Asker: 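Below is one structure. I have some questions about it.
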Amino acid sequence: MNLSFKDISCIGISYHSVEGLSVEKFYQNELESFYNCPDVPVFFTNHHTAHAYSAFFSSNFNNALIFAADGAGDFINGMQEAESLFVARDNKVEVVCRRLQNPTVGKLNDGRNYILPCMPSFIQHFEMSLGKKYSQITHLLGFGRNGEGKTMGLAGYGKSLFKFNAYKKNDFLNFSLKYKDLIEEIFAMMTLSGKSYKEFVRDEKANIASTIQLMLENTVLDLLDDILSLYQCKNLILSGGVFLNCLLNQKIIERFDLDNFFVFPAAGDDGQALGSAYYAYTKYFGTQNKYKINLPYLGISYDSNEIKDALKDANLSYRELCDDSLAEEIAMRISENKIVALHRGRTEIGPRALCHRSILANPKNPDIQDILNYKVKHREPFRPFAPTVIAEEQFKYFDLKFESNFMIVAAKVKEQFQRQLPGITHVDGTARIQAVTSESEPFVHKILLAVKKKIGFPIVVNTSFNVDNEPIVELPSDAIKTFLKTQIDSLIIGNYIVDKNSIV
């Protein structure tokens, strides 16, 4: 698109760990100076409100409760947002209450923040968000920044080290969660074990992961029990990085009698851009209009000339096929236990690859998880892989209460299918599901129908098109580089197919 500032009516901005009004004025001045656009208004919204807007205006609900929870939001009177509750009705979103936390001392990966003997007493009593607590334990486990998904995956292999009582609260969101909580108990168990710190963490790694997962689930369920009981609302929306936790989301669905449930697929901070845009639009144009966007495919796509240029630059031979023939070729390779990489259409918003930047494989292959982890993704062996299934059969294979379009819940694979689908069944019997309709993604739907003819199931293993510690591929050249340096068998970019065995 060739857009200029003449095509822009207003701009929305959100941030992280700031105080809003000063940021709004700063960026208003910067934009006016750089683009010479004094007539374009800028609207700033605080961090959790942007999360709430991103989710509500993407949900198509008329009214809902919105619960936002993440590591940290913006500053309010010297404290930071931890969790927030909003009520939305008639396209208006209003905050009901917020829980606040103390700012982190240094970076969270600083040992002062997660090793008890290194943690000064004044830090031990600081308040902490649920999201930051999960990150704190993730650092203790050695997974580092953005390693929370590893903690969630490992949790299925362990058992919680201790039981939890609900955190005391006077009313919803008025509870205490301190820096020392869990850390203190884990260190005490380590001391009693007679093991060194490193030995204890190594030996109890899966159990520690299970412990923080259970704590998160129990606390959020307890909070939502109070919230939903008070407001008597059966439409629930979740946003913020905490709700990328698929196991938690499934527990919420199982616990509560909801009419409608929605988790924004870019629940983390990447979704702030859309939330800020929604916020600016409502402030500028009013709240009378509904929105309809093509989630999750909001990114960039590449035309055939760009793709062919990238293939030629890499000296790769390729074939161009129509959609029907290409879907059949992909299905054939998957049925032969080949690994297929797919780069097609606009990039997904959010951290989950949803078949526009994905690696696909046979869910019936009992060795496929080890093959993908060791030979393609180069990551830890305990990390599971997700299924993509045709939407009309998602309830046949998985214990779902609501449709699962964005890999945002981890439901049980029905027992009769777990042994038949080892490639997508985690150790705890769950799977993180993407259901595809012929309307939302007709080409992927064709692939799944073709796969069903070959293997008996309209399901593929679907993992992100990248290797560990690299972002999901974006450019066609990124896809080619990752294809060439891994043991992926076939690459599909747009309507072009390249086979590894045809490369000289």
Side-chain angles (χ1 to χ4, degrees), residues 14-21 44-57 59 61-103 126-134 166-178 181 215-243 245 248-249 252 255-256 258 260-264 267 269 271-272 275-276 278-279 282 287:
S14 63
Y15 222 87
H16 178 274
S17 303
V18 298
E19 291 176 332
L21 292 178
F44 178 88
T45 179
N46 76 289
H47 195 81
H48 278 195
T49 302
H51 277 313
Y53 270 75
S54 71
F56 178 66
F57 287 102
S59 71
F61 296 175
N62 290 321
N63 60 81
L65 290 172
I66 308 166
F67 188 36
D70 58 7
D74 286 334
F75 283 103
I76 299 174
N77 297 326
M79 300 283 277
Q80 278 187 286
E81 294 170 306
E83 298 87 32
S84 299
L85 178 66
F86 299 82
V87 172
R89 183 178 297 277
D90 299 326
N91 284 358
K92 294 181 180 179
V93 178
E94 296 180 359
V95 64
V96 174
C97 62
R98 288 189 175 98
R99 177 173 170 264
L100 301 178
Q101 63 177 320
N102 295 94
F126 276 5
E127 289 294 324
M128 192 176 230
S129 70
L130 288 166
K132 194 175 287 183
K133 176 60 68 175
Y134 203 94
Y167 286 95
K168 294 184 181 298
K169 57 186 185 303
N170 298 321
D171 52 43
F172 48 85
L173 294 195
N174 185 6
F175 69 97
S176 179
L177 178 61
K178 299 186 184 302
D181 291 342
M215 186 281 285
L216 177 69
E217 291 172 2
N218 286 358
T219 305
V220 171
L221 291 172
D222 188 57
L223 293 171
L224 287 175
D225 189 47
D226 287 351
I227 290 166
L228 292 169
S229 296
L230 178 66
Y231 283 91
Q232 295 293 303
C233 179
K234 291 195 172 187
N235 295 340
L236 179 63
I237 293 173
L238 306 172
S239 192
V242 164
F243 298 110
N245 192 301
L248 168 63
N249 295 340
I252 292 169
R255 168 72 71 88
F256 300 109
L258 300 170
N260 295 289
F261 176 79
F262 180 76
V263 182
F264 185 55
D269 286 356
Q272 291 273 313
S276 300
Y278 285 143
Y279 180 84
T282 58
T287 59

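None of these values were measured; they are calculated from a predicted model.
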Asker: According to ring pair (Phe, Tyr, Trp, His ring centres under 6.0 Å), who are the partners of Phe86, at least two apart in sequence or on a separate chain?
Answerer: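 Applying ring pair (Phe, Tyr, Trp, His ring centres under 6.0 Å) to Phe86 gives none.
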Asker: Can you list everything that forms a salt bridge (charged side-chain N to carboxylate O under 4.0 Å, His left out) with Lys92? Sequence neighbours excluded, please.
Answerer: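 Expected list: none.
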Asker: Can you name the ring pair (Phe, Tyr, Trp, His ring centres under 6.0 Å) partners of Tyr134, sequence neighbours left out?
Answerer: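 Here no residue qualifies.
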Asker: Taking only residues two or more places apart in sequence, or in another chain, which ones meet Leu221 in a side chain to side chain contact (heavy atoms under 4.5 Å, CB included)?
Answerer: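 With sequence neighbours excluded, Leu221 shows a side chain to side chain contact (heavy atoms under 4.5 Å, CB included) to Lys251, Ile252, Arg255, Phe256, given in chain and number order.
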Asker: Test of understanding: with side-chain hydrogen bond (donor to acceptor under 3.5 Å, both in side chains), list the residues that count as partners of Asn260, not counting sequence neighbours.
Answerer: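 Checked Asn260 against side-chain hydrogen bond (donor to acceptor under 3.5 Å, both in side chains); matches are Asn235.
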Asker: According to the salt bridge (Lys or Arg N to Asp or Glu O under 4.0 Å) rule, which pairs have a member within residues 228-237, sequence neighbours left out?
Answerer: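 Salt bridge (Lys or Arg N to Asp or Glu O under 4.0 Å) check on residues 228-237 returns Lys234-Asp257.
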Asker: Partners of Tyr279 by ring pair (Phe, Tyr, Trp, His ring centres under 6.0 Å), sequence neighbours excluded?
Answerer: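 For Tyr279 the ring pair (Phe, Tyr, Trp, His ring centres under 6.0 Å) partners, ignoring immediate neighbours, are Tyr53.
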Asker: For Glu127, enumerate each residue passing the salt bridge (charged side-chain N to carboxylate O under 4.0 Å, His left out) test, keeping only those at least two apart in sequence or located in another chain.
Answerer: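 Salt bridge (charged side-chain N to carboxylate O under 4.0 Å, His left out) check on Glu127 returns Arg99, Lys178.
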Asker: Please name all residues satisfying side chain to side chain contact (heavy atoms under 4.5 Å, CB included) with Ser276, sequence neighbours left out, ordered by chain then number.
Answerer: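 With neighbours one apart ignored, the set is Ser14, Thr45, Ala50.
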Asker: Tell me, please, which residues at least two apart from His47 pass ring pair (Phe, Tyr, Trp, His ring centres under 6.0 Å).
Answerer: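 Result, ring pair (Phe, Tyr, Trp, His ring centres under 6.0 Å) vs His47: His16, His51.
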Asker: For Ser54, give me all partners under side chain to side chain contact (heavy atoms under 4.5 Å, CB included), at least two apart in sequence or on another chain.
Answerer: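 Side chain to side chain contact (heavy atoms under 4.5 Å, CB included) list for Ser54, sorted by chain: Ser239, Phe264.
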Asker: Which residues pass the side chain to side chain contact (heavy atoms under 4.5 Å, CB included) test with Val242, sequence neighbours left out?
Answerer: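 Side chain to side chain contact (heavy atoms under 4.5 Å, CB included) check on Val242 returns Ala69, Leu216, Leu248.
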